[in-house]
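Everything below concerns the one structure shown next.
By convention in this document, chain letters (A, B, ...) are assigned in the order of the sequence lines, proteins followed by strands, and residues within each chain are numbered from 1.
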Number of protein chains: 2
Amino acid sequence: MSVNQREIGRRRLLAEIRAQKSIPRIDLAERTGISRATVTTITAELLREGLIEEEQRDSPDKDTRRGRPTVNLRIRGAARLIAGAKISNRAISLVLLDFEGAHLADHEVALDKSVFAPAELAAILGAQLDALARKVGCGRADVSGFGIGIAGIVDAPRGFVHWSPSLDARNVEFADVIGRQLSVPTYVDNDANLVAVAEKTFGLGQGHSDFIVVTIESGVGMGIYIGDEIYRGTRGCGAEFGHTKVHLDGALCRCGQRGCLEAYVADYALLREAMIASGDHAGMVVDKVLSAAEAGDPVAKSIVDRAGRMFAMGLANLVNIFDPELIILAGEQMLSSHLYAEEVIEAMRGSIVQIDKAPPEVVIHKWDNLMWARGGAAYALDKVQERALADMVDYAG
Amino acid sequence: MSVNQREIGRRRLLAEIRAQKSIPRIDLAERTGISRATVTTITAELLREGLIEEEQRDSPDKDTRRGRPTVNLRIRGAARLIAGAKISNRAISLVLLDFEGAHLADHEVALDKSVFAPAELAAILGAQLDALARKVGCGRADVSGFGIGIAGIVDAPRGFVHWSPSLDARNVEFADVIGRQLSVPTYVDNDANLVAVAEKTFGLGQGHSDFIVVTIESGVGMGIYIGDEIYRGTRGCGAEFGHTKVHLDGALCRCGQRGCLEAYVADYALLREAMIASGDHAGMVVDKVLSAAEAGDPVAKSIVDRAGRMFAMGLANLVNIFDPELIILAGEQMLSSHLYAEEVIEAMRGSIVQIDKAPPEVVIHKWDNLMWARGGAAYALDKVQERALADMVDYAG
DNA sequence: CCGATTAAATTTGAAAATCAAATTAAATCG
DNA sequence: CGATTTAATTTGATTTTCAAATTTAATCGG
């Protein structure tokens, strides 16, 4: 019943094949501790199911050893088609991956407004998904899973959106709405969580079981991996790093509360201060503040410096609470380069509990705007694989 | 190899028996999904091993139904003897439990100083453990596991103490030192973590898979359960709640850094402020500040109020990051009652992300000073049970 | 007091799954 | 081209689980 022994083996082997990209059976047995006999049996099942494939050894010179040569196994890309999307302020970007995670196509569309009714947004997503699938000569029906990232508070296991700046309603069963309307299995998560999934699947989080991803756009987001699983809290809405408080009764945040980290480091926070200082209430943009600070303007410098120190303090709090092995600062726009500066990281290191052990590694990962959508796809990929494995249960050679 | 199927079943059943205290086989099958046949087989093994026992039905009137009556199974208390200890400032308290977790004896001793060499402290612990065991007519050799809580930064899986206010050396393999010196399997963890273990095993955390325990003595400590496991971070030293920063370049903390939560809410923080305000540099005690505040003294009130608001802010940050279902505020001395006041909890609720879902439950748990030691014992109990199960592998009827 | 009834626990026998060992397959070496 | 080497598969025994049948231990009703 539920999860039988064989299914555990299949899961373990498929995960290992995915992690290693390409690996012979004997190494699978070695790495997983499953006997060679069982590896043969299980991989035969996975082959028949079409989830994996044997790799052609196109480089016979490479294998110069004696004995029967190894046959590498890998995920069969053609097995499934996976789509991912990110809903941004006035745009949607989509990406289409195969079952191996390889990029097949992408697609972007600008929107004429930023807030939508759920069904309206679902219709747009459907049309764009069709357009995306058409690029590889497929239809929507060929897509096995669709993962969508959206800003706001999301209970991912239920696909339930408590609140999002992109929706005109609260408490929407958004995954259900889209899934029913498009007839494609749909999964919705907070966009920052999906960046963490993307980092784990394709990026710098590969091979790490515990790490934190912090993203900075206009808001501050966070995703946490603990024990190879993304941590979402008990209401599905933890990891609200941007709204942790860094000052008692501090600056007003757009969430309505005071002293949120976001109210000190987001672009609108910098702008607000710059406006106050200059008296100039129009035409002020963040770039100008940053370049003024760099040029040595003392007011601009103090504004930017404080943002950096607040950010360092927030990061230090994360480290003191989680003690992660790795922190990934991720972002597409380098508007936040001042927050990722070495001084900021150094200030963070100075604010964590001091022990005779290296502080967590901090890396900066700058990527294109498709990374968000790829995170959505990676999330859907995981779900699709899970479903494929579950559906195999009734299979008997 | 390693964890075989049967061992999984044994673990699952033993855990369920422990959780339910007393439960018949048929309910075990029902709850675990393991077939009745297998439950019979496995419980027979556990019975033969002496880890569980059949309960005498001493109340035959209770069971008024027809049919063969159920036979309840329970953990066999006599199976093992478990000790726990808490090293406090100038005292050590110990507790002796049976394998079921029942209290057998306790013992306390005052110390003439607060900082010790590791071997010296180990010797004291050995002597007190002997005294404790003697109370139930046993010797140290009968104790299967010894769990010790100590303040400071501890890498629990290794039993390694990075730093502790009770030790005169840094980076001590403390569990090894004690274990070798006493010839008793010894486990060491941060004292706040062990309070969390105690709450999970004996207290309000029973039945909760994700919760946070915050303790306030002179310092502020925290323990986190995520997915039924205590979370310790990758270096074994996460959960340093007391040293999360609540103010940029704020008050000086005894850790040497600035703006730590502890520097605002600990007793010494209140004292410092009260001294500054009154000019009175001697004879000031925390109780006096608190009672003055309660009596309406405006200075005292502002001091205590700010501590409360800082604490609320720290708690809110925890909730925003973890989204736990439950927060347990635990402590033995009610010096911290001002921090546990309803206004403080309400302030916390006002500083967390607002969604249409209940905020986490907050409960206050006040207990005696033996709770710390019981946490140590609970930790050791878990390890001893794990060892007992592992040792059964080679067992064949 | 005794057979019918009921429900827990155990036993039985078949099915599932793993693994060590033996065998087969596919290569290189000399 | 046979010996050697190593991967992969097959074989046969063992472990483990579970559904169904059986046994056990109680109550019920007459």
Side-chain angles (χ1 to χ4, degrees), chain A residues 1-13 17 20 22-48 52-73 389 392-397, chain B residues 1-13 17 22-48 52-73 392-397:
Chain A
M1 200 144 288
S2 71
V3 180
N4 56 21
Q5 186 84 353
R6 175 53 59 94
E7 208 177 329
I8 294 172
R10 282 197 284 244
R11 201 163 268 128
R12 182 87 188 76
L13 288 179
I17 293 170
Q20 302 301 322
S22 178
I23 182 174
R25 281 172 249 254
I26 192 158
D27 290 2
L28 279 175
E30 173 77 20
R31 282 169 171 278
T32 61
I34 296 170
S35 75
R36 279 142 54 149
T38 305
V39 168
T40 291
T41 312
I42 291 180
T43 54
E45 281 178 19
L46 294 172
L47 280 165
R48 262 177 300 178
I52 62 173
E53 63 190 2
E54 295 192 334
E55 200 172 48
Q56 304 308 330
R57 274 165 297 107
D58 40 13
S59 54
D61 48 332
K62 270 282 182 61
D63 200 350
T64 184
R65 292 172 314 167
R66 279 220 237 180
R68 180 173 176 173
T70 59
V71 178
N72 280 18
L73 299 172
L389 283 167
M392 277 181 74
V393 176
D394 47 10
Y395 181 92
Chain B
M1 202 140 290
S2 70
V3 179
N4 57 20
Q5 188 84 352
R6 176 51 59 95
E7 209 177 328
I8 294 172
R10 281 197 286 244
R11 201 163 267 129
R12 183 86 187 75
L13 289 179
I17 294 170
S22 177
I23 183 174
R25 281 172 250 252
I26 193 156
D27 290 3
L28 279 175
E30 174 76 19
R31 282 168 170 279
T32 60
I34 296 169
S35 76
R36 281 143 51 147
T38 306
V39 168
T40 291
T41 312
I42 291 181
T43 54
E45 281 178 18
L46 294 172
L47 279 165
R48 262 178 298 178
I52 63 174
E53 63 192 0
E54 296 192 334
E55 200 172 49
Q56 303 308 328
R57 275 165 295 109
D58 39 12
S59 53
D61 48 332
K62 271 283 182 58
D63 200 351
T64 183
R65 292 170 314 166
R66 278 221 236 180
R68 180 173 177 173
T70 59
V71 178
N72 280 20
L73 298 171
M392 277 181 72
V393 176
D394 49 9
Y395 182 91

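Atom CG in L28(B) sits about 13 Å away from atom C1' in dA8(C), given to the nearest Å. Here the C1' atom of nucleotide dA9(C) and the CZ atom of R65(B) are 13 Å apart, to the nearest Å. Between the CD atom of E30(A) and the C1' atom of dA8(D) there is a distance of 15 Å, given to the nearest Å. One interatomic measurement links the two molecules: CD1 of I34(A) to C1' of dC19(C), which rounds to 12 Å at whole-angstrom precision. When rounded to the nearest whole Å, the span between CZ of R36(B) and C1' of dA9(C) equals 8 Å. What separates CG of L13(B) from C1' of dA9(C) is a distance of 15 Å, to the nearest Å. Rounded to a whole Å, the CG atom of L47(B) is 12 Å from the P atom of dA9(C). Spacing between atom CD1 of I42(B) and atom C1' of dC18(D) amounts to 12 Å, rounded to whole angstrom units.
Side chains of E54(A) and L73(A) form a contact here, defined as non-hydrogen atoms less than 4.5 Å apart. Contact of the R65(B) side chain with the T70(B) side chain is registered, since non-hydrogen atoms from C-beta on lie closer than 4.5 Å. Using a 4.5 Å heavy-atom threshold, the side chains of I34(B) and L28(B) count as separate. Counting heavy atoms from C-beta outward, I23(B) and R31(B) have side chains that approach closer than 4.5 Å.
Among the nucleotides dA20(C), dC18(D), dA8(D), the one closest to the side chain of A37(B) is dC18(D). Distances were taken from every side-chain heavy atom of R66(B) (C-beta onward) to each of dT27(D), dT18(C), dA8(C); the shortest belongs to dT27(D). Looking at the side chain of I26(B), the nearest of the listed nucleotides dA9(C), dT16(D), dC29(C) is dA9(C). Of the candidates dA8(C), dT10(D), dA7(D), dA7(D) carries the atom nearest the T70(A) side chain, counting heavy atoms from C-beta on.
Taking side-chain N and O atoms only, R6(B) has a distance below 4.0 Å to OP1 or OP2 of dT17(D). Within the 4.0 Å cut-off from OP1 or OP2 of dA17(C), at least one side-chain nitrogen or oxygen of N4(A) is found. At least one side-chain nitrogen or oxygen of T38(A) sits closer than 4.0 Å to the OP1 or OP2 atom of dC19(C).
Side-chain polar atoms of T32(B) and R12(B) form no donor-acceptor pair below 3.5 angstrom.
Across all strands shown, R25(A) has heavy atoms under 4.0 Å from sugar-phosphate atoms exclusively, and none from any base. At the heavy-atom level, V39(B) lies nowhere under 4.0 Å from the strands shown.
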